[in-house]
Trainee: 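Pasting a structure here, questions to come.
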Amino acid sequence: VEKNPSTHPSIHPSIHLSIHPSTEPLSDAEREIIQDTWGQVYKNCEDVGVSVLIRFFVSFPSAKQYFSQFQDMEDPAEMEKSSQLRHHARRVMNAINTVVENLHDPEKVSSVLALVGKAHAIKHKVEPMYFKILSGVMLEVFNEDFPEFFPAEVQVIWTKLMSAVYWHVTGAYTEVGWLQVSSSAV
Ligand code: HEM
């Protein structure tokens with residue numbers, strides 16, 4: 001199938017991430033569960049980050065339009081070698097790590113995510129919907145790669161965190177004047 005970079009992403013049916021316009025803070029117990037499970041994921045930071053992005057770009061090829069180095073690549077094995085992809089994988093994982101390490105400090109979390117949101121809105125002009133899609137892919141890969149650490153009740157908590165991430169990121173988009181940020185569930 002010919003990929004037209006200007007078309008909207010098709011929504012993958014396996015992604016059921018529901019996003020609420022405002023989010024309840026995580027409880028202490030939930031924070032601890034996030035930190036413990038993330039510890040397992042982050043041990044494999046490089047591999048997990050790359051798997052997440054490959055899955056994202058293969059399932060949602062229009063998301064590649066923003067990346068000069070692999071926007072025309074189709075072959076996942078070739079994408080995997082792209083330094084731009086690997087670099088972004090590391091940045092995504094490190095940003096999530098900063099969020100997880102600072103869950104006790106809501107101001108730090110919002111400032112980190114506001115910077116991410118602003119850079120993607122202003123510099124990279126990324127359609128914010130892709131953040132929601134990427135969150136779903138991330139949870140999917142974590143669950144698949146570490147099933148013993150992601151039973152259903154842990155997935156619920158992670159979904160809550162990812163909703164908060166999306167809420168902060170899109171808040172920054174709105175702040176810099178990006179209209180039409182969708183807050184409805186995928
Ligand atoms: C949780 C999600 C994400 C995080 C934490 C994240 C993080 C980052 C960071 C820290 C940077 C460098 C900051 C800068 O340029 O000032 C970056 C660059 C970039 N991001 Fe993201 N990102 C995320 C999602 C996305 C998505 C969904 C897309 C597009 C589909 C995207 C596209 C880009 C592009 C095109 C760049 C510039 C790449 C380059 O210069 O090589 N990001 N990202």
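Atoms within each ligand, like the ligands themselves, are counted from 1 in listed order. Quick caveat: nothing in here was measured; it's all calculated off a predicted structure.
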Trainee: Considering non-hydrogen atoms of the protein only, which is the closest contact for atom 11 (C) of ligand 1, and what is the distance?
Mentor: R91 CD, 3.7 Å
Trainee: Would one find an N or O of Y130, backbone or side chain, under 3.5 Å from an N or O of ligand 1?
Mentor: no
Trainee: With heavy atoms of Q84 as the reference, note each atom of ligand 1 found under 4.0 Å away.
Mentor: 39 (C), 41 (O)
Trainee: What protein heavy atom sits nearest atom 29 (C) of ligand 1, and how far off is it?
Mentor: V126 CG1, 3.5 Å
Trainee: How far is atom 19 (C) of ligand 1 from the closest protein heavy atom, and which atom is that?
Mentor: H88 CD2, 3.4 Å
Trainee: When you measure from atom 3 (C) of ligand 1 to every protein heavy atom, which one gives the shortest distance, and what is it?
Mentor: F131 CE2, 3.5 Å
Trainee: Side chain to side chain contact (heavy atoms under 4.5 Å, CB included) between Q65 and Y130: does it pass, once the steps are laid out?
Mentor: CA-CA 12 Å; Q65 68 183 289; Y130 287 110; 3.4 Å; yes
Trainee: To which protein heavy atom is atom 4 (C) of ligand 1 closest, and what is the distance rounded to 0.1 Å?
Mentor: V92 CG2, 3.7 Å
Trainee: Looking at side-chain heavy atoms only, is the closest gap between E127 and W178 below 4.5 Å?
Mentor: yes
Trainee: Just to confirm my output: which protein heavy-atom neighbour is closest to atom 15 (O) of ligand 1, and how far is it?
Mentor: H124 NE2, 2.7 Å
Trainee: Donor-acceptor pair, distance only, cut-off 3.5 Å: does the side chain of E46 make one with the backbone of R90?
Mentor: no
Trainee: Between E101 and K108, does any side-chain N to carboxylate O distance fall below 4.0 Å?
Mentor: no
Trainee: Is the shortest heavy-atom distance from the side chain of I157 to the side chain of T37 under 4.5 Å?
Mentor: no
Trainee: Under a 4.0 Å heavy-atom limit, does H87 contact ligand 1 with its side chain, its backbone, both, or neither?
Mentor: neither
Trainee: Classify the ring geometry of F150 against W158: parallel below 30°, tilted from 30° to 60°, perpendicular beyond 60°.
Mentor: tilted
Trainee: For atom 7 (C) of ligand 1, what is the closest protein heavy atom, and at what distance to 0.1 Å?
Mentor: H120 CE1, 3.6 Å
Trainee: Pick, from Y166, F67, Y66, the option with the minimum heavy-atom distance to atom 33 (C) of ligand 1.
Mentor: F67
Trainee: Would you check if V165 and V109 make a side-chain contact, meaning some heavy-atom pair closer than 4.5 Å?
Mentor: no
Trainee: Quick one: are E148 and Q40 in side-chain contact, heavy atoms under 4.5 Å?
Mentor: no
Trainee: Suppose we measure from atom 14 (C) of ligand 1 to each protein heavy atom; which comes out shortest, and what is that distance?
Mentor: K123 NZ, 3.2 Å
Trainee: Give the numbers and elements of all ligand 1 atoms closer than 4.0 Å to a heavy atom of A95.
Mentor: 5 (C)
Trainee: Please verify the inter-ring angle class for F67 with F70; under 30° counts as parallel, over 60° as perpendicular, anything in between as tilted.
Mentor: parallel
